[in-house]
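Convention: sequence-line order gives letters A, B, ...; per-chain numbering from 1.
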Amino acid sequence: MTLRLLFEEIRSTVQKISSDLGYPAVNFDVSEASKPEFGDISCNIGFLLAKPLKKRPSEISESIAEKYRAQKGSLVSEVNVHQPGYLNFIVNNSVLVKSILESSVEKNYGEFDLGGGEKTVVEHTSVNPNKALHIGHVRNIIIGDTVARILRKANYDVNVLNYVDDSGLQVADIIVGFLYGGFSKEPPQGQKFDHYCGDVVYVNITERYETERHLAEKRVLVLKELEEGRSEIAKFGDEITRRVLEEQLKTCWRLGVVYDCLNFESQIIRSSLWKTVFDKMKSLGIIYLENEGKNSGCWVIKSDSDVEEDKILVRSNGIATYIAKDIPYAAWKLGILDDPFHYKQYAVQKNHQVLWQTTLEDAGTKLDFAGDRVITVIDSRQSRLQNIITKIISDFKSGKKSYVHLGYESVTLSQDTAKTLNLETGGKSVQMSGRKGIYVNADYVLDILGVKTYEEAKKRNPELDEVSLVKIAEQVAVGALRYAMIKQDLDKIITFDLSESLSLEGDTGPYIQYAHARAVRILEKAGKAPEFGSTFDGLATVHERDLAKAIGRFDIQVEDSAKNLSPKLIARYCHELAVSFNSFYEHVKVLAAGSPEMINARLCLVWSFKETLRKALDLLGIDAPDRM
RNA sequence: GGGCCUGUAGCUCAGCAUGGAUAGAGUGCUGGACUUCUAAUCCAGUGGUCAAGGGAUCGAAGCCCUUCGGGCCCGCCA
């Protein structure tokens, strides 16, 4: 029996007693007590009934407690009422520990059926293929990847998409750089192609637009060619963006992030999708052709309010705007339109998962990546546009389809880190900008983290071979970065500081990974596998009990984070687990526990912890190393 | 001007959805614990007018209102 079922059992007993007493039905809560001195489990029913019954909360709780005591089985050992009126339960220790440990052994422990297999799309990453990923993109990627993992655990059928804007202005910029700016197609020795395009070509060419008129003119031409396709320039553009994309994906894969399908914007533009959506919006009366005023000749969405401007979707020259390009894609993701694409294999990823890509050629497979629920991960600076898309989509969706913008605040660079880029910030943190070259590349961060974690690992494990050390270093570096990107609320700005990110102590990924490594070492040194058949009566110290209870919370946390699309809850849970274990580790000896029964019981607890933490870390995309 | 987000310990943040028990972590600082399962650890101490004011409530960090501070967004750019 899981902790969740234990709560439910107590809840239904309280429910029954309350209704037997003739109390009105209220939606009360049964959950873990906030502090150990309050027992294991708390119920707030007294407060909720206080008003309708016109009695003191404690009085009501006492009346329920009395009945509960009379019929309590082996599960609950004590029922107490605490001021100001909580109904608190102490659970029989051996029953508690045994039920948690035995349920945690299950392979699917932590899974919770919230989604009922609902087809869901998570779109994230979607970085223009003209530059390398920087630390701001990493936040998007890690949020998206973590949410996808959590939703799968909560039984949603998830497809992860990455939208490749290969026909936009930013791509046009680097093409101009290569064709007319004098840049070689090959990066200098040792530089990744995406870094070269972003750090050198893109930054340089946008600067030169100011002074070199002819380049700015070429930019418009190139953009047009990219949209139309077919031409030599378009072919060249395709070659370049695919090379950049390949390098970007290497970084994503390095972070443990995988996708199901790549969608190319150029193909969406060249497909029938836009025309279909445009016609549909016209026939539904969502958009209007403006005949007068400053927007004359444009197709616009009328604004409801007086202060808000009308939104232009198609310019007076007939070219669709940025936001308009997003609408057919949104509709495609929801499966509202006939799918014009076939699908080709792009790659087989590290976890053996196939990565597909769209194609307009007839060759290839017909697949279905659409979902009834679409979650688009984009930073909240795009909220306004995302709201408009959500509204349009809701106007022509059918049935229960829903489009969700999962927004998050941006990553800024700390004053000190900005200084390392030779920026004077006036004492403030600074917004990143790809165009101005103000950013810190993801590969760079992973590399310097890797150097540090390698040194640490080598110092601690001098006997390990080079291959193992490098692997551990990379796992810990990725763990540190992923955890840092996910541990705080989506609504909080992350101020990224290079030197601070090298700290691997306290509330960090490595702290959690270290707890796992410690547990693994105990199990290794034990020399025999724990046997779960026996009783766990001996696991009675506060450290053992706390650890067991933490293990028991897993599926509750999964449910919570999936329901609220809140990945940080799992991060916090992993941290809690690790804290409980480290405290246990320091205070309770496992291998020197005395009797073989005691050793076995504690080994079971350690094993159970290790497995649960590994599964929870997997939701964060963080590896659980055996040594570090 | 309008919209979204934000303000909790020196610093970085939990807690706020669903009001309830003495407001919690990390970091910093001070001190302590490695002959005993790896000290990327643990233990203790330090540190708070929960931005300010008002309201409803038996009860507010949390709900409502007002004000103030900070960030972002509001183009026939993407």
Side-chain angles (χ1 to χ4, degrees), chain A residues 27 29 33-35 37-38 42 44 46-47 50-51 56-57 82-86 88 128 165 168-172 223 294-300 305-309 311-317 319-323 325 379-385 387 407-410 412 428-429 431 435 453 456-457 459-461 476 480 487-495 497 500 503-515 517-526 563-564 566 568 572 575-576 578-579 581-593 602-603 606 627-628:
Chain A
N27 190 20
D29 205 36
S34 57
K35 293 207 167 124
E37 56 266 39
F38 302 140
S42 284
N44 67 346
F47 297 105
K51 192 163 273 181
R56 282 202 310 274
H82 285 101
Q83 286 305 330
Y86 279 98
N88 291 335
N128 285 317
D165 182 358
L169 208 56
Q170 296 205 9
V171 166
L223 180 62
K294 59 174 184 171
N295 293 340
S296 182
C298 299
W299 287 89
V300 302
S305 80
D306 299 336
V307 282
E308 193 112 356
E309 301 267 328
K311 193 77 209 167
I312 294 166
L313 289 193
V314 180
R315 303 175 179 101
S316 52
N317 64 6
I319 295 175
T321 57
Y322 167 72
I323 177 171
K325 287 184 193 168
D379 78 83
S380 23
R381 286 174 296 195
Q382 305 251 19
S383 292
R384 185 175 291 259
L385 295 180
N387 283 341
Y408 60 91
E409 284 292 338
S410 50
T412 64
K428 289 185 182 173
S429 60
Q431 287 280 331
R435 200 165 44 81
T453 52
E456 285 290 329
K459 199 166 70 194
R460 290 153 200 276
N461 303 280
V476 176
K487 75 168 174 175
Q488 67 207 54
D489 200 272
L490 300 182
D491 284 336
K492 287 269 174 30
I493 294 168
I494 293 181
T495 304
D497 186 90
E500 205 177 293
S503 144
L504 309 174
E505 290 161 19
D507 186 10
T508 66
Y511 172 92
I512 298 166
Q513 291 172 309
Y514 183 62
R518 282 179 137 183
V520 168
R521 288 293 271 177
I522 294 176
L523 293 166
E524 272 175 18
K525 292 205 169 176
K563 219 178 238 169
N564 298 306
S566 181
K568 75 165 180 212
R572 300 191 62 76
H575 184 249
E576 260 174 51
V579 167
F581 177 77
N582 276 329
S583 181
F584 162 83
Y585 184 95
E586 297 284 342
H587 294 98
V588 181
K589 292 297 166 224
V590 177
L591 301 180
R602 286 184 178 159
L603 280 176
V606 171
R627 297 284 294 269
M628 53 186 285

Atom [atom1] of [X] and atom [atom2] of [N]: how far apart are they, to the nearest Å?
X	N	atom1	atom2	answer
A:Asn387	B:rG2	CG	P	19 Å
A:Asn27	B:rG19	CG	P	11 Å
A:Lys51	B:rC58	NZ	C1'	9 Å

Determine which nucleotide pairs with [N], using a 3.5 Å limit on both distances of a Watson-Crick or G-U wobble pair.
N	result
B:rG26	B:rC11
B:rU36	none
B:rA21	none
B:rC77	none
B:rC16	none

Distance criterion of 3.5 Å, no angle test: do you see the side chain of [X] paired donor-to-acceptor with the base of [N]?
X	N	answer
A:Thr321	B:rA78	no
A:Asn88	B:rA21	yes
A:Ser583	B:rC42	no

Next on the checklist: What contact category does A:Ser42 fall into here, base, sugar-phosphate, or nothing, at under 4.0 angstrom with non-hydrogen atoms?
Outcome noted: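 Since a base atom lies under 4.0 Å of A:Ser42, the category is base.
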Next on the checklist: Run the ring pair (Phe, Tyr, Trp, His ring centres under 6.0 Å) test against A:Tyr514 and tell me which residues pass, sequence neighbours left out.
Outcome noted: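 Scan of A:Tyr514 (ring pair (Phe, Tyr, Trp, His ring centres under 6.0 Å), adjacent residues dropped) gives none.
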